[in-house]
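Keep in mind that the numbers below use all heavy atoms, side chains included, and drop hydrogens, waters and symmetry copies.
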Amino acid sequence: MTIKCGKAKPLKQPKAEKKEYDEIDKANIQKKKDEEKALKELKAKAQQKGAFGGSGLKKSGKK
């Protein structure tokens with residue numbers, strides 16, 4: 001029985017083969033990227049305005 005010291009090195013992952021896409025696949029990938037970009041822009045605009053268009057929640061003042 002032998003004792004090994006130190007961390008075991010992780011196994012190297014094989015390199016992914018480059019896939020070849022046809023025109024339809026390329027169009028779908030581009031469309032998906034555009035949708036994600038538009039969604040990020042909408043989220044950024046929504047965060048700038050605040051929860052309710054900048055007005056926020058109002059308190060009634062009653063106790």
Side-chain angles (χ1 to χ4, degrees):
M1 187 151 103
T2 59
I3 300 173
K4 292 185 178 181
C5 300
K7 285 188 174 180
K9 291 184 179 179
L11 297 174
K12 290 186 178 180
Q13 296 292 328
K15 290 185 179 180
E17 295 178 16
K18 291 189 176 184
K19 297 179 183 178
E20 294 191 20
Y21 299 108
D22 60 358
E23 294 299 319
I24 297 171
D25 288 339
K26 287 180 183 179
N28 287 338
I29 291 170
Q30 185 64 36
K31 184 178 176 184
K32 194 171 186 179
K33 284 182 183 180
D34 292 340
E35 288 175 355
E36 288 177 3
K37 185 178 178 183
L39 189 64
K40 284 182 183 180
E41 289 175 1
L42 287 174
K43 283 183 181 180
K45 286 182 182 179
Q47 286 179 348
Q48 288 175 352
K49 286 189 174 183
F52 295 103
S55 64
L57 297 174
K58 296 189 177 186
K59 295 183 180 180
S60 64
K62 296 180 182 177
K63 287 193 176 185

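The local environment of CG in Leu39 is crowded, with over 12 non-hydrogen atoms from other residues, nucleotides or ligands closer than 6.0 Å.
Atom CG of Asn28 and atom CG of Asp22 lie 9.0 Å apart (nearest 0.5 Å). The CG atom of Asp25 lies 9.5 Å from the CD atom of Glu23; values are rounded to the nearest 0.5 Å.
In this structure Glu41 satisfies the side chain to side chain donor-acceptor pair (under 3.5 Å) test with no other residue, sequence neighbours excluded.
For the side-chain contact (heavy atoms from CB on, under 4.5 Å) test with Asp34, the passing option among Lys37, Gln30, Lys31 is Gln30; the others fail.
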